[in-house]
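Each remark here refers to the structure printed beneath this line.
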Amino acid sequence: YGTDQGSSSYRQYLYDILSISYKSSKSKLYHVWGYGNYDIDKALIQPVTYYKCKDEAELLQKFIEFWSHPNNTPDIITGWNTRFFDIPYVMNRTAKILGIGELVKFSPWGLKSEHRQIRRRGSENDVYEIPGIQTLDYMELFQKFGYTYGAQESYALNHIAYVVLNEKKLSYEESGSLKNLYKDDYQKYIDYNMKDVQLVDRLEEKLGLITLAMTMAYKGGVNYQDTFGVTAIWESIIYRKLNANKVVVPLSSEEKPYRPFAGGYVKEPQVGRHEWIVSFDLNSLYPNLIVQYNMSPETLTDNTQMNDVSYYLSGQTVSGEYSVAANGSTYRKDIDGVLPQIIEEYYDERVSVKKMQLAAQKEIQTGYTIQLDKEIVTLENKQLAIKILLNSLYGALANKHFLYFRPALAEGVTLTGQKAIKWAEKTMNNELNKLLKTDKDYVIAIDTDSLYVNFGSLVNKFKPNNPVFFLDKIC
């Protein structure tokens with residue numbers, strides 16, 4: 001667009017759209033609209049169809065005509081920051097140049113797009129929801145589901161493409177700016193535009209985050225966009241379960257009383273250099289505690305007990321009539337809570353899916369087929385979707401806007417989690433001190449569900465030839 005995306009001119013949609021690149025997941029063909037002379041035989045990315053237009057009005061008309069054809073209208077729009085930049089820009093320029101009535105042509109149902117503003121990074125941003133089409137911005141998808149790559153110093157496409165694909169956007173250093181590139185080398189300007197589209201396409205090929213979001217949406221019975229949050233998808237999951245059990249779902253949407261409550265336990269780390277550190281992780285801590293204590297809105301009782309993690313760590317006995325969480329909240333045992341039921345069903349399903357995935361991976365080693373490869377990808381997405389949903393349940397329970405929000409239940413999960421990790425810390429130190437005949441704290445750090453233990457003294461005591469193998473065997 002030849003302008004700084006953060007400028008006030010961009011926010012007022014003052015600049016002409018200079019080119020648009022489009023690629024469907026159903027085809028390898030790129031479609032590009034622009035004004036200048038572009039030689040498709042010299043195109044960096046092929047195959048490509050180029051539509052030369054005399055001005056912005058013709059460019060938008062030709063693009064909308066192409067877009068609105070049933071064979072070309074997408075089910076999902078993606079790109080890098082398309083939700084907050086490309087889509088609002090195209091919609092606003094279309095309204096300014098062709099008239100607001102043309103906007104309904106973006107919808108396969110011929111309906112008006114919903115416009116709203118979302119506060120983001122300290123400013124208001126326009127967002128358009130096109131009826132009949134879902135927007136899954138790949139930058140948002142990576143920020144939400146690309147956690148295996150860890151936190152990034154930048155979420156610019158250039159950086160993420162380099163981290164994931166070892167590729168970068170086209171450089172235009174010789175021109176200094178996109179505006180100058182447009183004037184200096186139009187061929188490269190269009191190549192630059194297409195390269196951005198190609199990078200997003202390749203990110204999806206490798207990461208499959210759109211497929212993952214779709215799998216989660218179908219599992220939860222929600223729109224694709226709802227997978228970015230936790231409350232809507234879990235309300236839908238619970239609704240489906242209750243409906244199957246012929247239980248009426250509460251209709252009240254009144255905001256429930258909110259109070260601050262404790263989170264996970266983070267131990268102040270022992271600062272310094274440590275050798276032979278081993279981390280231990282309590283697998284799916286919060287979902288497992290919900291099942292163990294039968295925690296659910298309908299099993300929660302008014303019969304509260306002592307609210308003190310140390311009290312329960314000391315081995316104090318509690319009434320056998322209820323399950324008692326570390327914050328003193330109590331839960332019925334005579335019925336199975338709906339949340340534990342869902343968690344157990346999801347766990348069983350995930351185990352089954354992983355077995356099928358392993359069997360398919362074993363089979364493909366004896367003979368590759370496209371069908372088997374697709375089956376493995378499908379099964380991987382399915383088990384990963386279940387894992388993400390299970391781990392996101394607590395996020396919903398702790399959200400005051402969640403239909404089933406109960407502060408006592410949310411705190412019951414976190415404080416019982418504190419009890420579990422502190423019990424692990426206590427047990428680990430007891431065993432090491434007994435073995436090494438010391439009186440030290442070997443747990444150098446704790447973060448919610450993970451212990452970090454210093455095994456340096458153990459290695460020094462036994463002096464194994466291969467300390468890594470030695471610690472692996474012990475652990």
Testing Gln357, Lys387, Lys354, Glu349 one by one against Lys382 for a side-chain contact (heavy atoms from CB on, under 4.5 Å), which residue passes? Glu349

Residue pair Tyr286 / Gly417: nearest heavy atoms and the distance that separates them: CE2-CA, 4.3 Å

Glu298-Ser296 side chain donor-acceptor pair, cut-off 3.5 Å: yes

Indicate every side-chain donor-acceptor pair of residues 449-457 with a distance under 3.5 Å to a residue at least two apart or in another chain.
from: Ser450; atom 1: OG; to: Asp281; atom 2: OD1; distance (Å): 3.1
from: Asn454; atom 1: OD1; to: Gly456; atom 2: N; distance (Å): 2.8

Can you check whether Gly263's main-chain N or O pairs, donor with acceptor, with Gln418's side chain at less than 3.5 Å? yes

Of all heavy-atom pairs between Val413 and Leu289, which one has the smallest distance, and what is that distance? O-CD1, 3.9 Å

With a 4.5 Å limit on heavy-atom distance, are the side chains of Thr448 and Ile421 in contact? no

Going through the distances and angles, do Tyr22 and Asn72 end up as a side-chain hydrogen bond (donor to acceptor under 3.5 Å, both in side chains)? CA-CA 10 Å; Tyr22 166 106; Asn72 302 324; 4.8 Å; no

Does Ala262 offer a backbone N or O that forms a donor-acceptor pair with the side chain of Glu411 under 3.5 Å? yes

Close side-chain approach of Asn429 to Glu425, heavy-atom, < 4.5 Å: yes

Heavy-atom side-chain contact between Pro88 and Val127 under 4.5 Å: no

Does any N or O in the side chain of Thr416 come within less than 3.5 Å of the main-chain N or O of Ala326, such that one atom is a donor and the other an acceptor? yes

Taking only residues two or more places apart in sequence or in another chain, which ones pass side-chain contact (heavy atoms from CB on, under 4.5 Å) with Glu344? Val291

Sidechain-backbone polar pair: Asp137 side chain, Asn81 backbone, donor-acceptor under 3.5 Å: yes

Can you tell if the side chain of Lys267 reaches within under 4.5 Å of the side chain of Asp441, non-hydrogen atoms only? yes

Distance-only polar pair, side chains of Ser323 and Gln292, donor-acceptor under 3.5 Å: no

Which word best sums up how the rings of Tyr404 and Phe402 line up, parallel for under 30°, tilted for 30 to 60°, or perpendicular for over 60°? perpendicular

Under 4.5 Å between any side-chain heavy atoms of Ile118 and Arg83, yes or no? yes

Are Glu205 and Arg202 ion-paired here, with the side-chain N under 4.0 Å from a carboxylate O? no

When you measure from the side chain of Trp80 to the backbone N and O of Asn158, does any donor-acceptor pair fall under 3.5 Å? no

Which pair of heavy atoms, one from Ala156 and one from Ser154, lies closest together, and at what distance? N-OG, 3.1 Å

Kindly say whether Met306 contributes a backbone atom to a donor-acceptor pair with the side chain of Tyr312 at under 3.5 angstrom? yes

Can you check whether Ile160's main-chain N or O pairs, donor with acceptor, with Gln152's side chain at less than 3.5 Å? no

So, Asn125 versus Gln117: side-chain donor-acceptor pair below 3.5 Å or not? no

Extract all donor-acceptor atom pairs below 3.5 Å that involve side chains of residues 227-240 and protein atoms in other chains or at least two apart in sequence.
from: Thr227; atom 1: OG1; to: Tyr224; atom 2: O; distance (Å): 2.6
from: Trp234; atom 1: NE1; to: Leu389; atom 2: O; distance (Å): 3.1
from: Trp234; atom 1: NE1; to: Ser392; atom 2: OG; distance (Å): 3.1
from: Glu235; atom 1: OE2; to: Leu403; atom 2: N; distance (Å): 2.8
from: Ser236; atom 1: OG; to: Gly220; atom 2: O; distance (Å): 2.5
from: Ser236; atom 1: OG; to: Gly221; atom 2: O; distance (Å): 3.3

Looking at every non-hydrogen atom in both residues, tell me the closest pair between Asn303 and Thr330 and how far apart they are. O-OG1, 2.6 Å

State, with a plain yes or no, whether a side-chain heavy atom of Asp126 is found less than 4.5 Å away from one of His115. yes

